[in-house]
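Here the structure is a predicted model, which means the values were calculated and not measured. Numbered from 1 within each chain, the chains take letters A, B, ... in sequence-line order.
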Protein chains: 2
Amino acid sequence: MIDKLDFLLALARECHFGRAADACGVTQPTLSAGIKQLEETLGVLLVNRGSRFRSFTPEGERVLDWARRIVGDARALREDINALRHGLTGRLRIAAIPTALAMVASLTTPFRARHPNVQFTILSRTSIEVLAELDNLEIDAGITYLDNEPLGRVNTIPLYPERYRLLTSTGAPLGERTSVTWAEVAQVPLCLLTPDMQNRRIINRLLNRTGAESRPMLESDSMIVLFSHVRTGKWASVMPAKLAETLGLTQTLRAIPIVEPDEVHTIGLVIPQREPMTPLTAALVAEAQRLAPALSD
Amino acid sequence: MIDKLDFLLALARECHFGRAADACGVTQPTLSAGIKQLEETLGVLLVNRGSRFRSFTPEGERVLDWARRIVGDARALREDINALRHGLTGRLRIAAIPTALAMVASLTTPFRARHPNVQFTILSRTSIEVLAELDNLEIDAGITYLDNEPLGRVNTIPLYPERYRLLTSTGAPLGERTSVTWAEVAQVPLCLLTPDMQNRRIINRLLNRTGAESRPMLESDSMIVLFSHVRTGKWASVMPAKLAETLGLTQTLRAIPIVEPDEVHTIGLVIPQREPMTPLTAALVAEAQRLAPALSD
DNA sequence: TTGTTTGATTGATTTAGCCTATTGAAAATG
DNA sequence: CATTTTCAATAGGCTAAATCAATCAAACAA
């Protein structure tokens, strides 16, 4: 039963019988049969098919909701008992928005000191993807904006405020200033994240509000790309203050506060709303709560 | 997997492999094998055995907690999808303390008018048993005291206040009074519930507080026994006001308020703390919330 | 058309679940 | 202390379920 519900979850993730089967480690006929059997025992059609996967029926969506709970709890059970036996072990899968990626280290490092046998998988994702994968049980926790998009059935632990800095070099335009306005930033050629990232949308909104047209010269979905361009001294970018500090400022590389408006967004840990939590998630939450006071300036 | 967890739940209820197997509709070797398989997949001993069932290990208790959730959710899934297909159907299992049994009709009757295809099982239980069976998933809801014993992981919906009346006949001692004190009641030979019932313990406490020794002449675990004795005109009892009214007063049968102190306890619906609720439970809660205002005098 | 993708179907094989019968050990009983 | 009873584990055998590899048919795309 639980295996079949897991099949359904995989199908929801992949929208494709074959790939879903691969993800579950079974062959495609096995997964097809599993879904069909679910439909028979429940007496309803769960998937709209037409020679290929189309969508879930309303009943299918409902079953998916329950499947997320039940499969999640079944995993938590194993994890819980494992933790009782061997202490905390296993793998913690975390997805973070690009601007928060650099700070993950300040969460994982003290965590690892406490629980040396836990492995990590850290993924770079958009804020939308973070929430979707949290729902799908593809990740255990996310790090994203807490105060913008509607969060689903999740619990949140605030980590730090995101404030914006113009990252540029002495010698470049605005490079010697102690603060700049968004209107001034709008005049500078920038390296920014791609528009599917919420950080970019926030910056766009702030730039457009000045009336000026923002014309980023370079887009990427990777902060490393943006930062390495700025490090050449020939480019500028807008980054969260925390990130700029983490990546390291030099004598010529400066992070200049941007004012008017001095907007702030909260970044935090997002975990599935499950009571009780899995031991790994509980430990991560504890670590986040220890870390948060040190980060909130 | 879910079946095995169900085996474990049955074993927790029965504390006996054979009876647990019966309850699950399988033979004893099947259940034994199921438990053993659970232990193997989780890698821990769940049950302390010594030629017969002794107890659960700490890990076993932990697995039981999860099993309650997972099995409960799996049932809720089926019920939920069934409700989508055929409207509300199935069986609602309710356990109530004896003094609340008569009022169950005012919950079930309007419920049945709204959902004609739902069947009921109503059980008379002590308040302790109500909570235990709620935990074990043996019942869907309970009706018991909300303000006395510590309730576990449950949600509550207040239904009505329980106030106490001396149920006796004109002609009998105190039979003509408009109110009596607990000290006076203590002097009368009474028919009361057995001491395992919380109602009896409440009455005992109130009687003993007057300093007098309470000497019930007749004990029973059935309100029908108590009431039929009082109806002969030769006996008296202490009953909740709501119950006396429901059973019906006559010209000679009187329910006299007992004062000093005028103690009140709240009776309510108790349901498992599960989000979302099963459709049947949700409908019952809705009915209880409609009913409560009419009952709270 | 022709080749590709995708999910259903088929038939063989392995696995899991369950039952009856029996055994062994501890408790209860005389 | 001997006997009986109770209880759970074990053994052996059967059936149903699960899974896989291979194939098929429909829908697309080129």
Side-chain angles (χ1 to χ4, degrees), chain A residues 1-57 59-61 63-64 67 70-71 74-75 77-78 136, chain B residues 1-61 63-64 67 70-71 74-75 77-78:
Chain A
M1 180 79 183
I2 290 183
D3 307 320
K4 315 296 168 60
L5 293 176
D6 212 359
F7 289 176
L8 200 70
L9 287 182
L11 186 57
R13 277 199 293 273
E14 307 287 349
C15 293
H16 185 289
F17 280 74
R19 282 197 299 276
D22 270 355
C24 294
V26 297
T27 58
Q28 170 264 316
T30 301
L31 187 129
S32 282
I35 303 286
K36 176 166 289 185
Q37 190 188 321
L38 261 188
E39 291 180 325
E40 273 164 17
T41 54
L42 295 175
V44 280
L45 216 63
L46 300 178
V47 180
N48 293 316
R49 312 134 151 111
S51 92
R52 65 190 58 207
F53 177 88
R54 276 196 212 287
S55 62
F56 288 96
T57 63
E59 293 84 1
E61 298 283 355
V63 175
L64 267 176
I70 294 172
V71 173
R75 284 192 202 167
L77 160 59
R78 287 169 211 272
N136 285 335
Chain B
M1 179 79 181
I2 290 184
D3 306 320
K4 314 295 170 60
L5 293 175
D6 213 357
F7 289 176
L8 200 70
L9 288 182
L11 186 58
R13 277 198 295 273
E14 307 288 349
C15 292
H16 185 289
F17 280 74
R19 282 198 298 277
D22 270 354
C24 294
V26 298
T27 58
Q28 170 263 316
T30 300
L31 187 128
S32 282
I35 302 288
K36 173 165 290 187
Q37 192 188 320
L38 262 187
E39 291 180 325
E40 272 164 18
T41 53
L42 294 176
V44 279
L45 216 62
L46 301 178
V47 180
N48 292 316
R49 310 135 151 112
S51 92
R52 64 192 56 208
F53 178 89
R54 275 197 213 287
S55 62
F56 288 97
T57 63
E59 293 85 2
E61 298 283 355
V63 175
L64 267 175
I70 295 173
V71 172
R75 286 194 200 165
L77 160 59
R78 286 168 212 273

Quick one: which of [options] gets closest to the side chain of [X]?
X	options	value
H16(B)	dA8(C), dA8(D), dT9(C)	dA8(D)
R49(A)	dA8(C), dA27(D), dT10(D)	dA8(C)
Q37(A)	dC20(D), dC19(C), dA18(D)	dA18(D)
R52(A)	dT19(D), dA22(D), dA27(D)	dA27(D)
F7(A)	dA21(D), dT19(D), dC19(C)	dT19(D)

When you check the phosphate oxygens OP1 and OP2 of [N], does a side-chain N or O of [X] lie under 4.0 Å from one of them?
X	N	result
K4(B)	dG17(C)	yes
S32(B)	dA8(D)	no
Q28(B)	dT10(D)	no
K36(B)	dT10(D)	yes
T30(B)	dC19(C)	yes

Can you tell me how far [atom2] of [N] sits from [atom1] of [X], to the nearest Å?
X	N	atom1	atom2	answer
F17(A)	dT9(C)	CZ	C1'	14 Å
D22(A)	dT5(C)	CG	P	14 Å
I35(B)	dC18(C)	CD1	C1'	15 Å
L11(A)	dG7(C)	CG	C1'	11 Å
F53(A)	dT6(C)	CZ	P	13 Å
E39(B)	dA9(D)	CD	C1'	12 Å
D3(A)	dA17(D)	CG	P	16 Å
E40(A)	dA18(D)	CD	C1'	14 Å

Exercise for the section: Mark yes or no for whether Q28(A), through its side chain, and F17(A), through its backbone, hold a donor-acceptor pair below 3.5 Å. Expected result: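 Not confirmed, Q28(A) side chain does not pair with F17(A) backbone.
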Handout entry: N/O donor-acceptor pair under 3.5 Å between E39(B) side chain and V47(B) backbone
Key =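 Side chain of E39(B) to backbone of V47(B): a pair is present.
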Problem - I35(A) side chain reached by R49(A) side chain, heavy atoms, under 4.5 Å - result: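 A side-chain contact exists here, since the closest heavy-atom pair is under 4.5 Å.
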Practice task
By nearest nucleotide on DNA chain D, pick out whichever of A33(A) and R54(A) is the more 5' one.
Solution key: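 Mapping each residue to its closest nucleotide by heavy atoms, the 5'-most match is A33(A).
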Exercise for the section: Flag yes if more than 12 heavy atoms outside R78(B) fall under 6.0 Å of its CZ atom; otherwise flag no. Expected result: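 No, CZ of R78(B) has 12 or fewer neighbouring heavy atoms, counting only those of other groups under 6.0 Å.
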Problem - By side-chain hydrogen bond (donor to acceptor under 3.5 Å, both in side chains) - contacts of T41(A) (at least two apart) - result: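 Not a single residue meets the side-chain hydrogen bond (donor to acceptor under 3.5 Å, both in side chains) criterion with T41(A).
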